[in-house]
Protein chains: 2
Amino acid sequence: MTHFNLEADHTGRPLRPKVAVDTVVLAFTEGRLQTYLLKIGRGPARGKWAFPGGLVRAGETLDDAARRELRAAGVGPGIHLEQLFTFGDPRRDPRAHVVSVAYLGLLADQGEVSPPAGKYVDGRWFSVAALPTLGYDHSLMARRAVGRLRAKLGYTNIACNLLPGTFTFSELETLYAAVLRRRLDRRNFRRRILAMNILRRTAAMRRGAHRPACLYRFAQRTAQIAEIL
Amino acid sequence: MTHFNLEADHTGRPLRPKVAVDTVVLAFTEGRLQTYLLKIGRGPARGKWAFPGGLVRAGETLDDAARRELRAAGVGPGIHLEQLFTFGDPRRDPRAHVVSVAYLGLLADQGEVSPPAGKYVDGRWFSVAALPTLGYDHSLMARRAVGRLRAKLGYTNIACNLLPGTFTFSELETLYAAVLRRRLDRRNFRRRILAMNILRRTAAMRRGAHRPACLYRFAQRTAQIAEIL
DNA sequence: CCAAAAGTGTTGGCTCTACACCCATGA
DNA sequence: TCATGGGTGTAGAGCCAACACTTTTGG
């Protein structure tokens, strides 16, 4: 491939930008916010880690494209997606001018991920606190994704997309504390969350090594705005 | 043009989506939030009103494309731009699959707009409270733009992009009240804004039909986050 | 002198934060 | 019985909202 083929067609006319989607997949496990990265098997970012993504096809919505690329990367359909930001620097991909619509993807269950194939040679979870070097501009995407999540924890019920159907108050608090990177007072946290009336207490209890804990679920798992923190 | 030419090239292969930018231009004049619309002279939305925009060129950033299209529509370079949302429904433009990156554009001075030419046959300001029927999905863009502005008034100094260099407290309050669609208490509003220390009082006064008012300016005109309302 | 907009403080209620002890269970 | 995490209340400080009158100017 010559340089001319990369930026222009065979008549010398510059190519229009292409459209891609990329999804920052986040999950909360082992008390840490983690993200799913794929090792790229080909192209200029070969050997680097990157978020699942690829070109949008003709006639396809952006959400559909993101879900199709996630499926190809082994990520299950239960993921919550929301648009994050569109990255359009013409040099973000050295091969061609590719405009990428980035998504934030939240997964309640890490088990919903199976090994990838095709253009990827490996897939792994990383703590967002210690990411490897990422390909393209995916570090920017990661920063923006965590920033968005952090902001929305404060005024929406977005946490429901990172937790299983039922969970204890401790788990919810650990999630908030980990994402916001600060300690929370257990009593104040509990009072505020309960005051919002977005949780329902279930009859079940979580039994473990110590005193059992009440299990709660979100009253609604659909997006909901409410002053939280 | 046949239908086939719209969605596929001459070999029958479907065309990749194109990338466009569109800017919702807002200004605050005569006590009302207003938006600049252009009457489209050709294409399927001919005769309808729409925001300035067009296809992104090869090698161009999204911001550059938005500014170039704004210039072509007669909007001056002093506009504040920020990315809003990317609209990707393949049927949003009946001619082809065009993914549009929408921008929010804030103008401090309506005088920075001159009559358009080329693909537009008319340009006019409309109150956002009474928009005409818009082409494509531009009504969605308008709603989202006003929503974003309303939200950011509460926690940033974004208002500085809608006001001239100096302004009175009344003007600032009118802007907030108009965009938030509710009355504000003059004393509480003044106290809170002053407490944030984002304004500087100038020596000048605005003289008019009644008691003169102190003129203020924003300490910084760059983006700044701060709890406001 | 009148009309109209600019400017200015206080109080009560509410919310937020800080803080410590007992409980239930498994090992 | 001990170690561990689960569950609960209160008081003081700070913040927010509600509220009305005086000042300055032009006409």
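The chains referred to below are lettered A, B, ... by the order of the sequence lines, with proteins before strands, and numbering in each begins at 1.
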A:R190 CZ to C:dT15 P, in whole Å, measures 20 Å
So side chain to side chain donor-acceptor pair (under 3.5 Å) across residues 120-136 of chain A, not counting sequence neighbours, yields A:R95-A:Y136
- Query: Counting N and O atoms only, with roles assigned by atom type, does the side chain of A:Q83 sit under 3.5 Å from a partner on the main chain of B:T86, one being a donor and the other an acceptor?
  - Reply: yes
For this session: Before accepting this row, confirm whether a basic side-chain N of the pair B:R206/B:E171 lies closer than 4.0 Å to the acidic partner's carboxylate O.
Result: yes
In whole angstroms, the gap separating C1' of D:dG6 from CD of A:E173 amounts to 11 Å
### Message
Taking 4.0 Å as the cut-off, does a side-chain nitrogen or oxygen of A:S170 come that near to OP1 or OP2 on D:dG5?
### Response
no
To the nearest angstrom, the CZ-P distance between B:F167 and C:dA6 comes to 14 Å
Looking at A:K119 and A:E69, is there a salt bridge between them, counting it only when a charged N and a carboxylate O are closer than 4.0 Å?
yes
B:R182 atom CZ is separated from D:dA18 atom P, nearest whole Å, by 10 Å
B:F189 CZ to D:dC16 C1', in whole Å, measures 15 Å
Whole-Å distance, B:M205 CE to C:dA5 P, equals 16 Å
In whole angstroms, the gap separating P of C:dC16 from CG of A:L184 amounts to 14 Å
Side chains of B:S100 and B:D22: is there a donor and an acceptor less than 3.5 Å apart? yes
Per-nucleotide protein contact along nucleotides 19-27 of chain C, 5' to 3', at a 4.0 Å heavy-atom cut-off (B base, S sugar-phosphate only, - neither), is BB--BBBS-
Fit a plane to each ring of A:F51 and A:H138, take the angle between them on a 0 to 90° scale, and name the class: parallel (under 30°), tilted (30 to 60°) or perpendicular (over 60°).
parallel
Atom OH of A:Y216 and atom P of D:dG6 are separated, to the nearest Å, by 12 Å
